[in-house]
Amino acid sequence: MFTVSIENGESKSFDQPLMAFDALRELVPDQVAKTFAVEIDGQPADLRKMISTDAVLRPLTFADDYGRHAFHHTSSHIMAEAVLSLWPDAKFAIGPAIDQGFYYDIDLEHKLTEEDLAKIEAQMKKLIKKRERIERFVLPRDEARDLMAKRDEIYKVELIDELPADEEISFYKQGEFTDLCAGPHLMNAAPVKAVKLLSVSGAYWRGSEKNKMLQRIYGVSFPTREELDSHLKALEEARARDHNKLGRQLGYFTTTDYIGQGLPIMLPKGTKVLQILERFVEDEEERRGYMLTKTPLMAKSDLYKISGHWDHYRDGMFVIGDADKAEEEEVFALRPMTCPFQFQAYLQKTRSYRDLPLRYNETSTLFRNEASGEMHGLIRLRQFTISEAHLIVRPDQIEAEFLGALDLAIFMLDALGLLEDVSYRFSTWDPERRDKYIGEAEEWERVQALMQGILDKSGIEYETESGDAAFYGPKLDIQIRNVFGKEDTIITVQIDFQLASRFGMTYTDKDGERRHPYIIHRTSVGCYERTLALLIEKYAGAMPLWLAPTQVRVMPISEKHVDAAYDVKNRLQAAGLRVEVDARDEKIGKKIKEGQLEKIPYFIILGEKEIADGVYAVRSRTEGDIGQMQPEPFIERLLDEVKRRVK
RNA sequence: GCCGAAGUGGCUCAGGGGUAGAGCAAUUCACUCGUAAUGAAUAGGUCGUGGGUUCAAUUCCCACCUUCGGCUCCA
């Protein structure tokens, strides 16, 4: 005899073990249709989980991560079943639920097209209508292997072979389709009322470019048609904010076939925003004790050999000349990072422990030879400029300086309005891939433990990602999602315990001993181009006043008012505002329409009345016509808005 | 680099084996205008580049370049 209860609700006693699902049917019959998984004593579980002792249950719905996960996972299986029924030679690799939906990687002779997606969707609908029960069963390893081998599911066999010995090997079966799968799943697919397959693309088996490329189908699914429609609408709206479209439309940047991939031409508007950002960053860093350097954009291979870039990063570098001849003759390479250059500044004289910490910053243009399929708008480039710095510190200063760098990063994100969109990732090394890193294992472990201690102290919530460290040390990466939900690093703070000794960087300690300093590599807004892209998407092109390339546009009503318009421009410009005049021979309605589309924050409409009274008719891009204002209060208002960096 | 899609005037897009079309933008003229598009006229394209097939290619085929969605990689 045991008692099963619902969190804050009914309870009931049972004397036979039963599935969580059956217990829920007894306890909350009206909710089971919307229950996709369950939490048992706080542990998320499949609805088929057997209960045989006292337990507290919480039904999980589409609103819960785990419930949604089960829902998407089942959607993925239904898609696989549909593909198998249409193309019986299909072999299945992995098909997980993801944040926004699900995908399945499939090995299939037939090349899937957009039209095929509609066909698969239609087939899925048919399969869902059957309301077939999804059965879970467990097999011993050899039987599991046989079952998949018999069906020629070579990828599943490989997966089984690599499962840990103590792992339970479970399958889920619906209709003719049986899949190796850890679950969770719905009891049947009926709740999957709305499905949309979004795209088909290539994906390497196990994510390695050495393996075969499979076809990946991405899809989304929802319990109701309405939710799907609003999701698709949101996607549509996201597309309209895409910096790569909007940024070009608004004249921030462009590209040309003649220059090459990943090499954008920043137009005056984009350049203005970059300049504002750079000045803002440099000024703030100066306030925080940084010293600006300006170092060369290229160097002989000798430098990179010391730093380790030649051995660990050469594929990512643009080498000028024949890299293979670097032993006999001078070979140059464009810099992919600034570190070794700023180290040369440090090495220029003998340093005392009293000199540390030294904080070198640089608005630093870098070159990285990204693979040709990698470039994307202003997010991934071959030439870009970052707010880079290297803090040369004593061991006793690491914590304070690391936290200082983090504080600066958070200050910048907050100023730009991006703070709420980021997450933190502690990127550690992968001890299995020693060749990717320099240095000794125990040093890595020691420094990582040190960094983890600092992170825990900092109060930020972070996730740990193994294998993402730099070749010289662990990193804190501040991640941000773009308008399509794709994650990129915006800021990074790294602890380097390797390069100082490689470069012979030392300081004389109190006791007269020469010691190697630690180096903190960090950015404060990260890459400027990427930051611009994220700002365009965040604000849908309508930059906050302090960042707007043009802050005010003066619009004379007719030709007669043009001279007065230029007088207004001069006055505002003298006050420090960025102003332009729309002197075209057009109607005011047209000037306003175009100004609004260009997302200019303020307009001054200037006609007879305003000129006679010496006032401005002010229009804001958000509030519309806000009436007449005296020049002084108007200027005050804008300068205050700039000063406070109103978002 | 790999898988897939695409490239037609400055921009957005239509067309399609027989010498290319719209809207916006540009230029000129008229209007001198009051809070999201005034009207008319003119000009502008070796249909991404290079090969091939064909009597004929912007259209079909191949290669390359560029862009987009993914994979791998990363700021």
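Reminder, nothing fancy here: chain letters follow the sequence lines and each chain counts from 1.
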With rounding to whole Å, what would you report as the distance between [N] and [M] at their [atom1] atoms?
N: B/C11; M: B/A26; atom1: C1'; answer: 12 Å
N: B/C61; M: B/U54; atom1: C1'; answer: 12 Å
N: B/A14; M: B/C2; atom1: P; answer: 29 Å
N: B/G17; M: B/C13; atom1: P; answer: 23 Å
N: B/G48; M: B/A6; atom1: C1'; answer: 11 Å
N: B/U58; M: B/U49; atom1: P; answer: 10 Å
N: B/A43; M: B/G69; atom1: C1'; answer: 38 Å
N: B/G10; M: B/A5; atom1: C1'; answer: 25 Å

Once ring pair (Phe, Tyr, Trp, His ring centres under 6.0 Å) is applied, do any residues pair with [X], and if so which ones, sequence neighbours excluded?
X: A/Phe341; result: none
X: A/Tyr528; result: none
X: A/His243; result: A/His376
X: A/Tyr437; result: A/Trp429, A/Trp444

Is a salt bridge present between A/Asp567 and A/Lys569, judged by a nitrogen-to-oxygen distance below 4.0 Å?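 No, A/Asp567 and A/Lys569 are not salt-bridged.
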
Does the distance from a Lys or Arg side-chain N to an Asp or Glu carboxylate O, for A/Asp107 and A/Lys91, drop under 4.0 Å?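 Salt bridge: no.
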
Which residue, A/Thr113 or A/Arg248, contacts RNA chain B at a nucleotide closer to its 5' end, judged by nearest heavy atom?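 Per heavy-atom nearest nucleotide, the more 5' residue is A/Thr113.
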
Distance in angstrom units between [X] [atom1] and [N] [atom2], rounded:
X: A/Asp625; N: B/U35; atom1: CG; atom2: C1'; result: 6 Å
X: A/Leu117; N: B/G4; atom1: CG; atom2: P; result: 14 Å
X: A/Lys245; N: B/C11; atom1: NZ; atom2: P; result: 12 Å
X: A/Met555; N: B/A36; atom1: CE; atom2: P; result: 11 Å
X: A/Trp205; N: B/C2; atom1: CH2; atom2: C1'; result: 18 Å
X: A/Arg621; N: B/U35; atom1: CZ; atom2: P; result: 22 Å
X: A/Gln215; N: B/C2; atom1: CD; atom2: P; result: 17 Å
X: A/Asp582; N: B/A37; atom1: CG; atom2: P; result: 14 Å

Please determine whether the number of non-hydrogen atoms from other residues, nucleotides or ligands lying under 6.0 Å from atom CE of A/Met629 exceeds 12.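 Enclosed.
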
A/Glu109, CD atom: more than 12 neighbouring heavy atoms under 6.0 Å: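 Atom CD in A/Glu109 is not crowded, with 12 or fewer foreign heavy atoms closer than 6.0 Å.
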
Look at all strands and tell whether A/Gly627 reaches a base, only sugar-phosphate, or nothing, counting heavy atoms closer than 4.0 Å.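 Here A/Gly627 touches no strand at all.
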
List, one per line, each side-chain donor-acceptor pair under 3.5 Å for residues 263-279 of chain A, sequence neighbours excluded.
from: A/Lys269; atom 1: NZ; to: A/Leu250; atom 2: O; distance (Å): 2.9
from: A/Thr271; atom 1: OG1; to: A/Met266; atom 2: O; distance (Å): 3.2
from: A/Thr271; atom 1: OG1; to: A/Leu267; atom 2: O; distance (Å): 2.8
from: A/Lys272; atom 1: NZ; to: A/Gln275; atom 2: OE1; distance (Å): 2.8

Classify every nucleotide of nucleotides 41-48 of chain B by which part a protein heavy atom approaches to under 4.0 Å, writing B for the base, S for the sugar-phosphate alone and - for neither, in 5'-to-3' order. --------

Generate the contact string for nucleotides 70-75 of chain B. Rules: B means base contact, S means sugar-phosphate contact only, - means no protein heavy atom under 4.0 Å. BBBBBB

Base-pair map of RNA chain B as dot-bracket, where | denotes pairing with a different strand and pairs are Watson-Crick or G-U under 3.5 Å: (((((((..((((....[..)))).(((((.......))))).....(((((..]....))))))))))))....

So which of A/Lys475, A/Lys436, A/Arg425, A/Arg433 actually passes salt bridge (charged side-chain N to carboxylate O under 4.0 Å, His left out) with A/Asp468?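 Between A/Asp468 and the candidates, salt bridge (charged side-chain N to carboxylate O under 4.0 Å, His left out) is satisfied uniquely by A/Arg425.
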
Heavy-atom contacts under 4.0 Å between residues 93-101 of chain A and RNA chain B, which residues?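 Listed by number, there are none.
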
Does A/Gln261 put a side-chain nitrogen or oxygen below 4.0 Å from OP1 or OP2 of B/C65?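 The answer is no; no side-chain N or O of A/Gln261 sits under 4.0 Å from OP1 or OP2.
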
Does the Lys NZ or Arg CZ of A/Arg216 fall within the cation-pi geometry relative to A/Tyr103 - under 6.0 Å from the ring centre and within 45° of the axis?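 Flagged: A/Arg216 positioned over aromatic ring of A/Tyr103.
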
Hey, does the Lys NZ or Arg CZ of A/Arg288 hover above the aromatic six-ring of A/Phe411, less than 6.0 Å from the centre and inside 45° of the axis?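 Judged by the rule (NZ or CZ under 6.0 Å from the ring centre, within 45° of its axis), A/Arg288 counts as positioned above A/Phe411.
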
Please identify each residue that fulfils side chain to side chain donor-acceptor pair (under 3.5 Å) with A/Asp582, with sequence neighbours left out.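 A/Asp582 satisfies side chain to side chain donor-acceptor pair (under 3.5 Å) with A/Arg584 once adjacent residues are dropped.
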
Side chain to side chain donor-acceptor pair (under 3.5 Å) partners for A/Glu487, two or more places apart: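 A/Glu487 satisfies side chain to side chain donor-acceptor pair (under 3.5 Å) with A/Gln479 once adjacent residues are dropped.
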
A/His309 vs A/Phe471 aromatic rings, parallel, tilted or perpendicular, using cut-offs 30° and 60°?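 Correct class here is perpendicular.
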
Tell me whether the centres of the aromatic rings in A/Phe634 and A/Tyr616 are closer together than 6.0 Å.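 Distance test on ring centres: under 6.0 Å, yes.
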
Any chance the side chains of A/Thr338 and A/Glu362 put a donor and an acceptor closer than 3.5 Å?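 There is no such pair (donor and acceptor under 3.5 Å, judged by atom type) between the side chains of A/Thr338 and A/Glu362.
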
Verify the distance criterion only: is there a donor paired with an acceptor across the side chains of A/Gln383 and A/Arg368 at less than 3.5 Å?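 Short answer, no.
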
Using a cut-off of under 3.5 Å, enumerate the N/O to N/O pairs linking the protein to nucleotides 24-34 of chain B.
from: B/A25; atom 1: OP1; to: A/Lys590; atom 2: NZ; distance (Å): 2.8
from: B/C31; atom 1: N4; to: A/Asp585; atom 2: OD2; distance (Å): 2.8
from: B/U32; atom 1: O2; to: A/Glu559; atom 2: N; distance (Å): 3.1
from: B/U32; atom 1: N3; to: A/Glu559; atom 2: OE1; distance (Å): 2.9
from: B/U32; atom 1: N3; to: A/Asp585; atom 2: OD1; distance (Å): 3.3
from: B/U32; atom 1: O4; to: A/Glu559; atom 2: OE1; distance (Å): 2.5
from: B/U32; atom 1: O4; to: A/Asp585; atom 2: OD2; distance (Å): 3.0
from: B/C33; atom 1: N4; to: A/Asp585; atom 2: OD1; distance (Å): 2.9
from: B/G34; atom 1: O6; to: A/Glu608; atom 2: N; distance (Å): 2.8
from: B/G34; atom 1: O6; to: A/Lys609; atom 2: N; distance (Å): 3.3
from: B/G34; atom 1: N1; to: A/Glu610; atom 2: OE1; distance (Å): 2.8
from: B/G34; atom 1: N1; to: A/Glu610; atom 2: OE2; distance (Å): 3.4
from: B/G34; atom 1: N2; to: A/Glu610; atom 2: OE1; distance (Å): 3.2
from: B/G34; atom 1: N2; to: A/Glu610; atom 2: OE2; distance (Å): 2.4

